[in-house]
Amino acid sequence: MRKRSRGLTSEYGRREKRPTTAAIKKFQEMIYGYYRNHKRILPWRNIQNPYHILVSEIMLQQTQVQRVAGKYEQFISKFPDFSALAGAPLKMVLKEWQGLGYNRRAIVLKQIAREVTERFGGDLPSSVETLETFPGIGRATASAIAAFAFQKPVVFIETNIRRVFIHVFFHDKIDIKDTEILPFIEKTLDTSNPRDWYYALMDYGVMLKKGHENPNRRSAHYQKQSPFPGSNRQVRGMILKMLTNESSLSEQKILQKLAICPEKLRDNLLQLEKEGFVKRKWRQFTIA
DNA sequence: GTCCGGTTTA
DNA sequence: TAAACAGGAC
C-alpha cells in the first residue's frame, strides 16, 4: 500500500514536501472559487489575437492594470497589427505610450513587430524559448504570452502569482526564493486550462494586496526602488515628452524648459541617443 | 545589484 | 511621504 500522501504546506500537513492530489484539488478550488465571483474583466482577456496579447503583456510589465486599461485600446486601434506597428514612426508610438512609463518598451515593441513580420511571416511564435529571443521579452512575459495566447501549460512566476504562493504556502517564512516557489506552481497548475488558471491566480494575488502587509516583502527578490523626483528617469521622461510634441529642439532650448544642470541634461541626451530614442542633426534633437 | 516611468493608493 | 506596480537589460 502506498504511503500516506502528504500536503503542500502547514495548511495541508506539517513539514510535508509532496502535495497530495487532494491538497492540490483543494487549493485549485479555493482559487477558482474566488475567481468565479471576483474575476476582473479586462480587454486583453479571453481573446486570441497574439498581437493584442503581446501588446498587453509588454504594457503590463511593472505597470498597474488600471493604467494599462486606459491606454491599451487606443494603442491597438492606432497600430492594429504587427505590420502597422513595424511601419509606424517611433515618434507616433512614443506619443501613444505617454503615461505608461519605461519608454524603452515602446522601442522594443516596435522592434518585435519588425522581427515578427520579417523573420516569422507575421505570425508570433508560440514557444517560450523562441519568444525569449525577442528584445524586452524575458521568462515571465514569454510564459504569459504562451499561456494566454496559446493555452500552453507553462510554469512561470510574476508578482501576483508570487504573492499567492507566499501567502498560502510559506506563511511563516522569510527570504523565499522563486526557485522554491516554482515547484508549487508546477504541481498545482491546471493543465487543462492554464489560461483561466493563471487569470484566477493573478486575481487572487491582487486581492491579497488589501488589508495587510504585502506578502511579497518576504520574497528574497524584494527590493524597493530609488526615489523618482530628481532622478534621470524623470529627466528622460520630460525630454521625451517634449520631443514628441515638437519637430526638433536644440540642447539650449531643452535646458531652458527643464531647468536642470547642463551636465545632467547632456548625459541624459547622450544616453537617449545611444538607446535609439533620439537623433542629433545640426545640433537639433529629434525622435529617432 | 542597479537602472529604467509615472501614476495611484494608503 | 511612501509604496507598489502582469519585468527586463546590463
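Worth knowing before you read on, the calculation uses all heavy atoms, side chains too, and leaves out hydrogens, waters and symmetry mates. Every chain is numbered from 1, with letters handed out A, B, ... down the list of sequences.
For the pair A/Lys274 NZ and B/dC4 C1', the interatomic distance rounds to 14 Å; values are reported in whole Å. Atom-to-atom, CZ of A/Arg67 to P of B/dG6 comes out at 9 Å; the value is rounded to the nearest Å. Protein atom NE2 of A/His221 is 13 Å distant from nucleotide atom P of C/dG8, rounded to whole Å. Taking atom CG of A/Asn160 as the reference point, atom C1' of C/dA4 lies 11 Å away to the nearest angstrom. For A/Phe134 and C/dG7, the CZ to C1' distance is 18 Å, given to the nearest whole Å. A/Arg217 has its CZ atom 9 Å from the C1' atom of C/dA4, to the nearest Å. Counting to the nearest Å, the C1' atom of C/dA2 and the CG atom of A/Asn214 are 13 Å from each other. Rounded to whole Å, atom P of C/dA9 lies 14 Å from atom CD1 of A/Ile107.
Using a 4.0 Å heavy-atom criterion, one finds that A/Gln223 contacts the bases of the nucleic acid, with or without backbone contacts as well. Residue contacts shown for A/Ile161 are absent, as no nucleic acid heavy atom lies under 4.0 Å away. At the heavy-atom level, A/Pro135 lies under 4.0 Å from the strands shown only through sugar-phosphate atoms. Residue contacts for A/Ala144: at a heavy-atom cut-off of 4.0 Å it reaches no nucleic acid atom on any strand shown. Across all strands, A/Trp97 comes closer than 4.0 Å to no nucleic acid atom at all (heavy-atom distances). At the heavy-atom level, A/Arg163 lies under 4.0 Å from the strands shown only through sugar-phosphate atoms.
Considering only the side chain of A/Arg233, B/dC4 comes nearest among B/dC4, C/dA6, C/dA3. Minimum atom distance to the side chain of A/Arg104 is reached by B/dC3, of the listed B/dC3, C/dA3, C/dA6. Checking C/dA3, C/dA6, B/dG5 against every side-chain atom of A/Tyr222, the shortest atom distance belongs to C/dA3. Among the nucleotides C/dA6, B/dC4, C/dG7, the one closest to any side-chain atom of A/Ala140 is C/dG7. Proximity note for A/Val65 (side chain, C-beta onward) versus B/dG5, C/dC5, C/dA6: the nearest is C/dA6. Residue A/Tyr102 has its side chain nearest to B/dG5 when only B/dG5, C/dA3, C/dG8 are considered. Distance from the side chain of A/Thr141 is smallest for C/dG8 among the nucleotides B/dT7, C/dG8, B/dG5. Comparing C/dA4, C/dA6, C/dG8 by their nearest atom to the side chain of A/Leu60 picks out C/dA6.
In this structure, A/Glu96 and A/Val93 have side chains that are not in contact, with every pair of non-hydrogen atoms separated by 4.5 Å or more. At least one side-chain heavy atom of A/Trp97 sits less than 4.5 Å from a side-chain heavy atom of A/Arg105.
For the OP1/OP2 pair of C/dC5 and a distance below 4.0 Å, the side-chain nitrogens and oxygens of A/Thr159 include at least one atom meeting the criterion. At least one side-chain nitrogen or oxygen of A/Lys209 sits closer than 4.0 Å to the OP1 or OP2 atom of C/dA6. Residue A/Arg236 places at least one side-chain N or O closer than 4.0 Å to OP1 or OP2 of B/dG5.
Across the C1' atoms, C/dC5 and B/dC4 are found 14 Å apart, a figure rounded to whole Å. Taking atom P in both B/dT7 and C/dG8, one finds a spacing of 23 Å when rounded to whole Å. Rounded to a whole angstrom, the distance from the C1' atom of C/dA4 to that of B/dG5 is 13 Å.
Each of A/Phe165, A/Phe169, A/Phe27 was scored for a ring pair (Phe, Tyr, Trp, His ring centres under 6.0 Å) with A/Phe184, with one residue passing: A/Phe169.
A donor N or O paired with an acceptor N or O is not found under 3.5 Å between the base of C/dG7 and the side-chain atoms of A/Arg139. For C/dA4, its base never sits under 3.5 Å from the side chain of A/Gln225 at any donor and acceptor pair. You won't find any donor-acceptor pair under 3.5 Å spanning the side chain of A/Gln61 and the base of B/dG5, going by distance alone. Not a single donor-acceptor contact under 3.5 angstrom links the side-chain atoms of A/Gln62 to the base of C/dC5.
The 5' end of DNA chain B is approached more closely, in terms of each residue's nearest nucleotide, by A/Met59 than by the other of A/Gln66 and A/Met59.
Under 4.0 Å is where a charged nitrogen must lie from a carboxylate oxygen, and between A/Glu275 and A/Arg104 at least one such pair does. Salt-bridge check for A/Lys173 with A/Glu180: passed, with a basic side-chain N closer than 4.0 Å to an acidic carboxylate O.
Heavy atoms of other residues, nucleotides or ligands lying less than 6.0 angstrom from CZ of A/Arg119 number more than 12.
At distances below 3.5 Å, at least one donor-acceptor pair connects side-chain atoms of A/Asp203 with backbone N or O atoms of A/Arg40.
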